[in-house]
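Quick note on labels: first sequence line is chain A, next is B, and so on, each numbered from 1.
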Protein chains: 2
Amino acid sequence: MSVTNFEANLKHRCSSCSLREICLPVGLDAEEMTRLDDLVKRRRRVFSGQSLFRAGDPLQALAAVRTGFFKIYEISVSGQEQITGFPMSGELMGLDAISTGAHRGNAVALEDSEVCEIPFTRLEGLLADLPRLQHQFHKLLSGAIATDHALVMILGTMTAEFKVAAFLLNLSDRRGQRGEDPSEILLPMSREEIGNYLGLKLETVSRMFSKLRDQNLIATEGRKTFIRDREGLRALCQQGSDT
Amino acid sequence: MSVTNFEANLKHRCSSCSLREICLPVGLDAEEMTRLDDLVKRRRRVFSGQSLFRAGDPLQALAAVRTGFFKIYEISVSGQEQITGFPMSGELMGLDAISTGAHRGNAVALEDSEVCEIPFTRLEGLLADLPRLQHQFHKLLSGAIATDHALVMILGTMTAEFKVAAFLLNLSDRRGQRGEDPSEILLPMSREEIGNYLGLKLETVSRMFSKLRDQNLIATEGRKTFIRDREGLRALCQQGSDT
DNA sequence: TCGCAGACTTGACCCAGGACAAGGGCGGAG
DNA sequence: CTCCGCCCTTGTCCTGGGTCAAGTCTGCGA
């Protein structure tokens, strides 16, 4: 629950961060980067299972994942939990809190992780000075909407098998963007969490993993998952929808 | 397909628009409002069934619905159509296009409608000058994310009956916010469109309307729908979820 | 090293919602 | 006013994924 805090003595900086081509600083020059660095001083470690923020917490800072993996979930009026995303390195958390000033989601680390905190009010101040940063911030907000639409598409139109295939391809692609091996995925989330995210039960997720394995599209070693036939998976997605 | 265009001779202005407490100009003073008015000169009529923009079109302008109703849908890799929203007056369309510079969705008017076009590049320029406008714009972007999460929640956790009840309550609430009678909804979309949006087939939507009617929660006259027992509907939502 | 708890797999059965089919009603064109 | 087409409703049957129930695997702590 509590969170370790190891300030700027570990001279982490956006300018030297390997994620600067994915995260907030895309397209900034050296001077602009420095001003952003001034803002993003505080890093936090969040250990596996710990919570970074909870629904209802006032929005102080956006958080960019530096290393690790999170899940974001919300509780519905009927008390149901729904995972709305699995942010990984370079992705911002807390964007949906701007509208009300309070977090709507709960952020829990799925493995030992590190985040960069970006005080939101100060960020808005900086945006007015740095048009490129402003534009990048808008692109990230807009991208979050597009990501959500992709999930809506999956939930609304796809069969169980397709959902799982699309989920694995998505994780694989995101690994690829970060220069990691896209065909080897160490899933930090349980079958139940995957099912919750995709609108399926954990048993169904498990069955679909088995089914994909039987078709030689993937291989599994516990949570470690290998993409064996990326094109086959993609082809499956292109027809694997409800009527 | 083509779109009538009736420029500023109909002296529409944000400053005198009845939606200024919902739309982009929230919280602006008179001078700021004037600068926004300068930007938002062009209004367009879009007749029922016409398209305002299509997936792939370059983002020129965001569009705020002034009157009427739209549907936004995207086409999945498998060719499936998925409606991601039904924007009504005061709501912005095209926010998801900022990330790539091209629209992802298709916007079609569900009834004769009117939109205000907001040239996006010029808007970003103005945001740097007007902190309050900047903040409101961020709130709208963030609110769009929150809205999408609400849809994900509905799609991921709810039964057919709950989905339809939640849909009607949502429309009703949005009417209420605009000062219209929240208990009388003239649905501009077909059962099929509702079903597509909620991840249901049209027959199921129809059945759920009948079921809600049998419980005296709503009344229907064709597409005109009356909320008879708002609390009952809400109570239903609070327990009407998958196990 | 062993034992245990939590996570995963697999099987058998069931049910909410989909598929298919047959009307019924309503609004626009002539 | 009438006709036609589209949308909506309702019935019947079917199926994908949920539910329930055994196991099996794995990693961790003693």
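One atom, CD of B:Glu161, and another, C1' of C:dC15, lie 15 Å apart when rounded to the nearest Å. We find that CE of B:Met158 is positioned 20 Å from P of D:dG17, with the value rounded to whole Å. Atom-to-atom, CD of B:Glu221 to P of C:dG27 comes out at 11 Å; the value is rounded to the nearest Å. Between A:Glu203 atom CD and C:dT10 atom C1' there is a gap of 10 Å when expressed in whole angstrom units. Straight-line distance from the CD atom of A:Gln80 to the P atom of D:dG18: 13 Å, rounded to whole Å. Atoms CG (A:Leu110) and P (C:dA7) sit 12 Å apart, rounded to a whole Å. In this structure, the CG atom of A:Asn196 is 12 Å from the P atom of D:dG18, given to the nearest Å. The nearest whole Å value for the distance from the NZ atom in A:Lys201 to the P atom in C:dA16 is 14 Å.
Heavy-atom contacts from other residues, nucleotides or ligands closer than 6.0 Å to CZ of A:Arg228 number 12 or fewer. In B:Glu192, the CD atom is not crowded: 12 or fewer heavy atoms of neighbouring residues, nucleotides or ligands sit closer than 6.0 Å.
Taking the charged nitrogens against the carboxylate oxygens, B:Glu74 and B:Arg104 have no contact shorter than 4.0 Å, which rules out a salt bridge. Remark: B:Arg43 does not engage B:Glu114 in a salt bridge, criterion side-chain N to carboxylate O under 4.0 Å.
The side chain of A:Leu202 sits closest to C:dT9 out of D:dC20, C:dT9, C:dG18.
DNA chain C lies under 4.0 Å from at least one heavy atom of each of the following residues of residues 204-217 of chain B: B:Thr204, B:Arg207. Against DNA chain C, the stretch residues 186-194 of chain A makes heavy-atom approaches under 4.0 Å through A:Ser190, A:Arg191.
The side-chain heavy atoms of A:Ile194 and A:Leu187, taken from C-beta on, include a pair separated by under 4.5 Å. Side-chain contact between B:Asn106 and B:Ser51 is absent, with no heavy atoms from C-beta onward closer than 4.5 Å.
Of the candidates A:Ile72, A:Val46, A:Asp57, A:Val108, A:Val46 is the only one forming a side-chain contact (heavy atoms from CB on, under 4.5 Å) with A:Leu52.
The side chain of B:Arg223 places no N or O atom within less than 4.0 Å of a non-bridging phosphate oxygen (OP1 or OP2) of D:dC7.
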Practice task
Under the side chain to side chain donor-acceptor pair (under 3.5 Å) rule, what do B:Ser210 and B:Arg213 come out as? Steps first, then yes or no, please.
Solution key: CA-CA 5 Å; B:Ser210 302; B:Arg213 185 161 28 74; 3.3 Å; yes

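The two residues B:Ser142 and A:Ser99 come nearest to each other via the heavy atoms OG-N, 2.9 Å.
If you check every strand for non-hydrogen atoms under 4.0 Å, B:Gly199 touches sugar and phosphate atoms only.
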